[in-house]
Amino acid sequence: MVSCAFDLDAYQAVIFDMDGTLLDSAEAIRQVCSRWCAIHQLDVEQVLAMCHGSRIRDFLPELAPHLDADLEEAWLNAEEAEETNGIVPIEGAHAMLRLLEQRGTHWGIATSSAGPVARMRLGTVGFPIPQVLITAEYVKRGKPDPEHFELAAKHLNAEPDRCLAFEDSANGVAAALAAGCDVVVVGEAGQYLYPQHQRIVGRISDYQSILAVIEQVGVR
């Protein structure tokens, strides 16, 4: 799956989501969610579907209003910050970040994960910690609200509509579009999101598929 129509030189900055976009943490998330759901007798598949691209505090009132969002979020964050099983980079992501550095392109991360979780996962797969790392604690409203991307753009000294966002989830894509970013959808799960949206400028399975084109002539 490769469909792209963008030129990196047209953007002031690039903003990546993390989970499912730069790295695959699905197995680690499933293991932690399974333990949490067993404690509270919740359906793990429902929780995994609701948490894709979102913070737990943004959907817990709907899922289990009897639970304390602060306490449960703290428990989950502590568990996720220790769970490294199955975390691997998306193919070509290392090379993509190196290419951005070589080109002098400013980039950052806007993730729904907590700061300690994000730093652990990035370190686990050997990614650099960017100067702009917008995590769950930085925003009042999680994705699909645009605040993640608006704040990342601000710290990158860029206008949101001059940023290229890479996202994999429905909530994340909606947040990036609401902020005004152009979007590249990463992964098979998102290939049918917003099929005609003019600001979705690419759909890729991984970064390996577009590296050669960017390196040689840009993506147009």
Side-chain angles (χ1 to χ4, degrees), residues 13-33 47-60 69 73-74 76-84 86-90 93-94 96-97 100 106-156 158 160 163-179 181-187 189-190 193 204 206-207:
V14 175
I15 305 172
F16 294 94
D17 173 49
M18 185 183 70
D19 299 290
T21 300
L22 283 175
L23 56 85
D24 182 350
S25 55
E27 181 57 31
I29 292 172
R30 175 174 285 276
Q31 291 195 23
V32 172
C33 276
V47 171
L48 287 170
M50 295 180 75
C51 75
H52 191 200
S54 296
R55 306 177 305 174
I56 184 172
R57 66 171 50 254
D58 293 323
F59 66 83
L60 190 61
E73 186 173 60
L76 285 164
N77 287 342
E79 292 288 307
E80 288 193 335
E82 297 293 331
E83 184 59 74
T84 62
I87 299 175
V88 295
I90 301 296
H94 277 287
M96 181 69 179
L97 295 183
L100 294 179
H106 298 296
W107 67 275
I109 291 175
T111 175
S112 296
S113 291
V117 177
R119 286 186 285 272
M120 179 278 288
R121 289 177 181 166
L122 292 169
T124 295
V125 297
F127 286 136
I129 307 298
Q131 289 187 342
V132 176
L133 175 60
I134 305 302
T135 56
E137 304 93 330
Y138 284 84
V139 299
K140 295 180 180 178
R141 301 169 300 280
K143 302 173 185 177
D145 187 275
E147 188 178 1
H148 264 97
F149 288 96
E150 292 170 344
L151 193 57
K154 178 181 179 180
H155 284 275
L156 286 162
C163 290
L164 179 64
F166 287 80
E167 262 286 2
D168 73 300
S169 71
N171 283 335
V173 171
L177 290 174
C181 304
D182 282 356
V183 178
V184 177
V185 182
V186 181
L193 293 173
I204 60 174
D206 55 53
Y207 299 94

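As the structure is a prediction and not an experimental result, all values here were calculated from the model.
L177 CG to F149 CZ: the interatomic distance, rounded to the nearest 0.5 Å, is 9.0 Å. In this structure, CG on L122 lies 4.5 Å from CD1 on I109, to the nearest 0.5 angstrom. T135 contributes atom OG1, which lies 9.5 Å from atom CE of M18 (distance to the nearest 0.5 angstrom). With rounding to the nearest 0.5 angstrom, the SG atom of C33 is 11.0 Å from the CD atom of E83. Atom CD in E80 sits 11.5 Å away from atom CD in Q31 (nearest 0.5 Å). Atom CG of D206 is separated from atom CE of M96 by 11.5 Å, given to the nearest 0.5 angstrom.
Here F127 pairs with H94 under the ring pair (Phe, Tyr, Trp, His ring centres under 6.0 Å) rule; sequence neighbours left out. Partners of F166 according to the ring pair (Phe, Tyr, Trp, His ring centres under 6.0 Å) rule, which considers only residues two or more places apart in sequence or in another chain, are F16, Y207. For D24, the salt bridge (charged side-chain N to carboxylate O under 4.0 Å, His left out) criterion is met by no residue, not counting sequence neighbours. Listed by chain and residue number, D70, E73 satisfy the side chain to side chain donor-acceptor pair (under 3.5 Å) test with R57 (two or more places apart in sequence, or in another chain). Residues that satisfy the side-chain contact (heavy atoms from CB on, under 4.5 Å) test with E150, not counting sequence neighbours, are P146, A179. Looking at residues two or more places apart in sequence or on another chain, you find a side-chain contact (heavy atoms from CB on, under 4.5 Å) between L76 and V32, W36, I56. With sequence neighbours excluded, the residues forming a side-chain contact (heavy atoms from CB on, under 4.5 Å) with S25 are D19, L23, I29, I87, R121, listed by chain and number. Residues passing the side chain to side chain donor-acceptor pair (under 3.5 Å) test with D17 are T21, K143, sequence neighbours excluded. The side chain to side chain donor-acceptor pair (under 3.5 Å) test applied to E79 returns R35, not counting sequence neighbours. The side chain to side chain donor-acceptor pair (under 3.5 Å) test applied to N77 returns no partner, not counting sequence neighbours. Shown here are the side-chain contact (heavy atoms from CB on, under 4.5 Å) partners of A13, two or more places apart in sequence or in another chain: H106, L156, A158, C163.
Side-chain N or O atoms of E167 include none that pairs as donor or acceptor with a backbone N or O of V183 at under 3.5 Å. A donor-acceptor pair under 3.5 Å links the side-chain atoms of H148 to the main chain of T111, judged by distance alone.
L22 is not listed as a side-chain neighbour of I90, based on a closest heavy-atom distance of 4.5 Å or more.
For CZ of F59, the number of neighbouring non-hydrogen atoms (other residues, nucleotides, ligands) closer than 6.0 Å is greater than 12. When the shell of 6.0 Å around CD of E82 is examined, it contains 12 or fewer heavy atoms from other residues, nucleotides or ligands.
What you find for V132 and A152 is that their closest heavy atoms are CG1-O, 3.9 Å. Of all non-hydrogen atoms in R55 and V139, the two that sit nearest each other are NH1-O, 3.0 Å. Of all heavy-atom pairs spanning P128 and L97, the tightest one is CD-CD1, 4.3 Å. Contact record, A165 with A176: CB-CB, 3.8 Å, taken as the closest heavy-atom pair.
Within the structure, salt bridge (Lys or Arg N to Asp or Glu O under 4.0 Å) pairs that include any residue of residues 130-139 do not occur (at least two apart or interchain).
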Item to complete: Could you walk me through whether E147 and I134 pass the side-chain contact (heavy atoms from CB on, under 4.5 Å) test, one step at a time?
Response: CA-CA 10 Å; E147 188 178 1; I134 305 302; over 6 Å; no
